[in-house]
**Q** 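Before anything else, here's the structure in question.
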Amino acid sequence: NAGVTQTPKFQVLKTGQSMTLQCAQDMNHEYMSWYRQDPGMGLRLIHYSVGAGITDQGEVPNGYNVSRSTTEDFPLRLLSAAPSQTSVYFCASISLGGSTDTQYFGPGTRLTVL
Amino acid sequence: DAKTTQPNSMESNEEEPVHLPCNHSTISGTDYIHWYRQLPSQGPEYVIHGLTSNVNNRMASLAIAEDRKSSTLILHRATLRDAAVYYCILCPSGTYKYIFGTGTRLKVLA
């Protein structure tokens, strides 16, 4: 299993540009989520999904959109990038009702908005 | 949402035990206590979790105070590979909406 994969690893955007951060998992996990991590800080939840077609907001959802059309993929869209969205973005997944409460995190996407 | 408080940094000598404390005085009765660690330039990885009782696994032990207002992650023999930021996280039962604090940066000295 590849686990949780994220692309791209690095991205530089100009203010106002849009882009999609990709996240995929091959563990058939129902629950997927997106976090952002600002320098020297812990992670903050942006959006999450408990299954295909179901998404909800986390702690810091403004400026981001998500959709979940398949179990495997959970893309994060920045509609109009702002310098305040410069951060490292992590995707995570976990099996609902599984025998373990381990949430698996991807390697992250480092985004810089100029 | 309940918050956690951890020391910013700690140091330990290699091969010695490490006790990483966490305060969560506003924890609710159904919040689980999770510990994750983050190695440089990587995503967080699971260490251990518990609700009320002390827990052990191959990586670490988790000691939870009787009133649940604090907990301690115990690494029995620190190695250089254990150098990381350790996060104590509260997770409301039935959700996976982790509430991260700023974590403790553990430095392991050879």
Side-chain angles (χ1 to χ4, degrees), chain A residues 2-7 9-10 21 23-25 27 29-51 54-61 74 87-111, chain B residues 1-9 20 22-24 30-53 55-60 62 64 71 73 84-106:
Chain A
V4 179
T5 57
Q6 293 184 236
T7 55
K9 284 187 168 51
F10 302 94
L21 279 62
C23 174
Q25 51 91 11
M27 297 172 282
H29 287 169
E30 300 90 343
Y31 184 96
M32 296 184 73
S33 56
W34 276 101
Y35 289 84
R36 62 176 286 175
Q37 184 174 33
D38 298 329
M41 305 291 289
L43 282 70
R44 291 184 293 168
L45 181 65
I46 304 172
H47 284 286
Y48 65 97
S49 168
V50 298
I54 306 169
T55 64
D56 206 346
Q57 296 180 351
E59 183 185 355
V60 288
F74 190 42
S87 190
V88 181
Y89 291 83
F90 291 100
C91 180
S93 74
I94 189 169
S95 175
L96 294 177
S99 60
T100 175
D101 272 335
T102 300
Q103 188 153 189
Y104 294 90
F105 285 82
T109 294
R110 186 175 297 274
L111 176 68
Chain B
D1 292 329
K3 304 294 183 188
T4 61
T5 304
Q6 301 174 252
N8 286 336
S9 63
L20 298 168
C22 180
N23 287 325
H24 29 79
T30 57
D31 285 347
Y32 279 79
I33 302 160
H34 291 245
W35 284 82
Y36 278 69
R37 71 181 187 181
Q38 187 174 24
L39 293 134
S41 300
Q42 294 188 26
E45 65 173 352
Y46 172 81
V47 177
I48 201 166
H49 80 284
L51 183 62
T52 56
S53 303
V55 184
N56 299 300
N57 66 21
R58 64 175 180 81
M59 287 183 71
L62 176 60
I64 301 173
S71 61
L73 176 71
V85 178
Y86 287 78
Y87 291 101
C88 168
I89 301 163
L90 299 183
C91 184
S93 177
T95 81
Y96 295 103
K97 297 167 72 172
Y98 286 0
I99 305 165
F100 282 78
T102 52
T104 296
R105 182 174 299 276
L106 175 65

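Because the structure is predicted, anything quoted here is derived from the model rather than measured. By convention in this document, chain letters (A, B, ...) are assigned in the order of the sequence lines, proteins followed by strands, and residues within each chain are numbered from 1.
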**Q** Name the region of A:Q6, side chain, backbone, both or neither, that has any atom closer than 4.5 Å to a heavy atom of chain B.
**A** neither
**Q** Can you name the nearest heavy-atom pair linking A:F90 to B:Q38, along with the distance?
**A** CZ-NE2, 3.4 Å
**Q** Does A:Q103 form a side-chain contact (heavy atoms from CB on, under 4.5 Å) with B:Y36? I'd like the steps, not just the answer.
**A** CA-CA 9 Å; A:Q103 188 153 189; B:Y36 278 69; 3.2 Å; yes
**Q** A:Y31 side chain to B:Y96 main-chain N or O, any donor-acceptor pair under 3.5 Å?
**A**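 Flag set: sc A:Y31 to bb B:Y96 pair under 3.5 Å.
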**Q** Angle class for the B:Y98/A:Y35 ring planes (parallel below 30°, perpendicular above 60°, tilted otherwise)?
**A**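 The arrangement is tilted - the two ring planes meet at 30° to 60°.
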**Q** Per the salt bridge (Lys or Arg N to Asp or Glu O under 4.0 Å) rule, what does the pair list look like for residues 39-53 of chain B, sequence neighbours excluded?
**A** B:R37-B:E45
**Q** Roughly how far, to the nearest 0.5 Å, is OH of B:Y46 from CZ of A:F105?
**A** 12.5 Å
**Q** Where on A:L43 is there a heavy atom nearer than 4.5 Å to chain B: the side chain, the backbone, both, or neither?
**A**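 Contact with chain B: backbone and side chain both.
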**Q** Name all residues meeting the salt bridge (charged side-chain N to carboxylate O under 4.0 Å, His left out) criterion together with A:D56; count only those two or more places apart in sequence or in a different chain, and write none if there are none.
**A**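 Testing A:D56 for salt bridge (charged side-chain N to carboxylate O under 4.0 Å, His left out), a comparison that skips the adjacent residues, returns none.
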